[in-house]
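Worksheet: the structure to be examined is printed underneath.
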Amino acid sequence: MSQYPMSPVMGQMMSQPLLTSCVIRHADRYHGNQEIVSRRAEGDIHRYTYTECHRRSRQMANALSGLGVEVGDRVATLAWNGYRHMELYYAISGSGAVMHTINPRLHPEQIAYIVNHAEDQYLFFDLNLLPLVESFHAHCKTVKGYVMMCGLSSMPDKTSIPNLMCYEALIDASSELYDWSQFDENSASSLCYTSGTTGNPKGVLYSHRSTVLHSYASAMPDALNISARDTVLPVVPMFHVNAWGLPYTVPMVGAKLVLPGSSLDGKSLYELFEQEKVTVSGGVPTVWLGLLNHVSQNKLKFSTFKRMVTGGSACPPAMMKTFRNDYGVEVLHTWGMTEMSPLGTACTLQSHHLGLPEEQKQAILEKQGHAIFGVDMKIVDDAGKELPWDGQTYGNLLVKGPWVINSYFKGEGGGVLQEGWFPTGDVATISPDGYMQITDRSKDVIKSGGEWIGSIDLENIAMAHPAVQQAACVGVFHPKWDERPLLVVVKKPGAEVSKEDLIQFYDGKIAKWWTPDDVTFVDALPLGATGKVLKNKVREQFKEYKLPA
Ligand code: AMP
């Protein structure tokens, strides 16, 4: 029975389920010679085509069925961005099983928790993650076997891992004849656990339908704007929110795909960008900082790189300007979350902005952006009342759409929706023309005398100072105001700046009472498993900090 009260006349179009296997099949048939280039854990560069990727995915699908993997079973991957991981994306989901990507930067105990929670049947892992798997496999209760993603010559002579198989041996022993199964597009395709900064991580279970729709939407010109003329390098890992869906979007449009493996430092990335003529890349701001340091210290230029997609945390406007003005790289600010597959907004200009002075255009581009079609947003107060879109009023940001979570895996955390909307935990403003700007994560807002201070603005200003590499602003206890901002700063190598100069740097840039009360210098900020600054750790570290009276 239909879930809707009305029964209109039904359309007479073919009903074809939106399955991820359609994507690789399309890439093979229509962009078969397009390349996938990978930097391998073995240390070399591997290149092949979408046609070969499709063939090996089918072989792997046969291998999985030989291992007894059944529809709905979870199969885990613990791997960097590479072609074998790409084959597993299609082989696992395409055969009706669920691909569970795991972040190798998590603590081994947390990995074992996730594997057990997901009830993973097999675990595939990259060559250089063998010691990690050896450290936790004994705690995994459901895993029947482990597959090392390498050739026979790289297999270890001795290991504590039971039933360890070789990826290439499985491929070699399997037929390439495999017809992708047809099933309900709402079936689960992949599973990704949230970073879980507090409590245990929770699973987000994407469907084939949500994944394919998200890929269509991501490719659009005012979203990631990816076409068959691009060469795309996802720095964002395939173990976190499906690398922002790029392993689907890129073959969908037939672009060249470059997969960087585990070396994500500025030098390794720059070399790959130049060697493979990368035009578009996506990653978190900390990765871009590393790349920027490398190119500026070595006086390098990019010859083909033209669009950098940044998301995951706020993009410092100073970095955006440097990339654009000094290197000719356009920076696309995007926002989303694991629970949203992840893309929610992207920031591009509209026709009525084109005549504006550069500074005003830049101010718009610094925002998190416009909802892409498929995502609806609203801001509400703590009582759930919708707030105006005036670009000033900030409130809790709620979203809905076909690639937004409905409930966590196994119902963890109970009902998560508020009257059909998903509360993101972010605090934002929305302008009259629909541009959303994140003020803060609600947990990071600094509460000073009953008013809110957004830490992102304070960090962005600090990072515009020439001596500042990275900054985090946290609320610390104040006897009169409850909390006041403390600025925690990592200086650029060799740069000097005093506390007083930094505090003065805020003059005229922000309401006086938002100015941080104090500044402290550190060698590094704590980073989480996805490369974001862990504000809860910074808060914890400076819990007892005494602000100047
Ligand atoms: P995750 O699910 O780990 O990808 O984290 C999602 C969260 O990252 C969001 O709820 C935001 O708090 C934050 N985030 C993502 N993109 C941005 C952005 N462009 N600016 C500010 N915060 C962001």
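Every number for a ligand or one of its atoms is a count from 1 in the order of the listing.
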Problem set entry | Identified side chain to side chain donor-acceptor pair (under 3.5 Å) counterpart of His100 within the set Thr77, Asp73, Asp120 | Asp120

Exercise. Of all heavy-atom pairs between Gln368 and Gln437, which one has the smallest distance, and what is that distance?
Worked result: OE1-CA, 3.3 Å

For this session: Check ring pair (Phe, Tyr, Trp, His ring centres under 6.0 Å) between Trp288 and all other residues, then give those that pass, not counting sequence neighbours.
Result: none

Under 3.5 Å, N/O to N/O: give me all the pairs between ligand 1 and the protein, one per line with atom names and distance.
| from | atom 1 | to | atom 2 | distance (Å) |
| --- | --- | --- | --- | --- |
| ligand 1 | 2 (O) | Thr338 | N | 2.8 |
| ligand 1 | 2 (O) | Thr338 | OG1 | 2.6 |
| ligand 1 | 3 (O) | Ser195 | OG | 3.4 |
| ligand 1 | 3 (O) | Lys532 | NZ | 3.4 |
| ligand 1 | 4 (O) | His240 | NE2 | 3.4 |
| ligand 1 | 4 (O) | Lys532 | NZ | 3.4 |
| ligand 1 | 5 (O) | Lys532 | NZ | 2.7 |
| ligand 1 | 8 (O) | Gly312 | O | 3.2 |
| ligand 1 | 8 (O) | Lys532 | NZ | 2.9 |
| ligand 1 | 10 (O) | Asp426 | OD1 | 3.3 |
| ligand 1 | 10 (O) | Asp426 | OD2 | 2.8 |
| ligand 1 | 10 (O) | Arg441 | NH1 | 2.7 |
| ligand 1 | 12 (O) | Asp426 | OD1 | 2.6 |
| ligand 1 | 12 (O) | Asp426 | OD2 | 3.3 |
| ligand 1 | 12 (O) | Arg441 | NH1 | 3.3 |
| ligand 1 | 14 (N) | Gly312 | O | 3.2 |
| ligand 1 | 16 (N) | Gly312 | N | 3.0 |
| ligand 1 | 19 (N) | His333 | NE2 | 3.0 |
| ligand 1 | 19 (N) | Thr334 | O | 2.7 |
| ligand 1 | 20 (N) | Ala314 | N | 3.2 |
| ligand 1 | 20 (N) | Gln368 | NE2 | 2.9 |

Problem set entry | Chi angles and distances behind the side chain to side chain donor-acceptor pair (under 3.5 Å) call for Trp335, Asp426 | CA-CA 11 Å; Trp335 165 88; Asp426 287 334; 2.9 Å; yes

Problem set entry | cation_pi(Lys491, Phe521) dist<6.0 Å, angle<=45 | yes

Exercise. Tyr113 and Phe136: ring-ring contact (aromatic ring centres under 6.0 Å, His included), yes or no, with the steps?
Worked result: CA-CA 10 Å; Tyr113 168 84; Phe136 70 77; over 10 Å; no

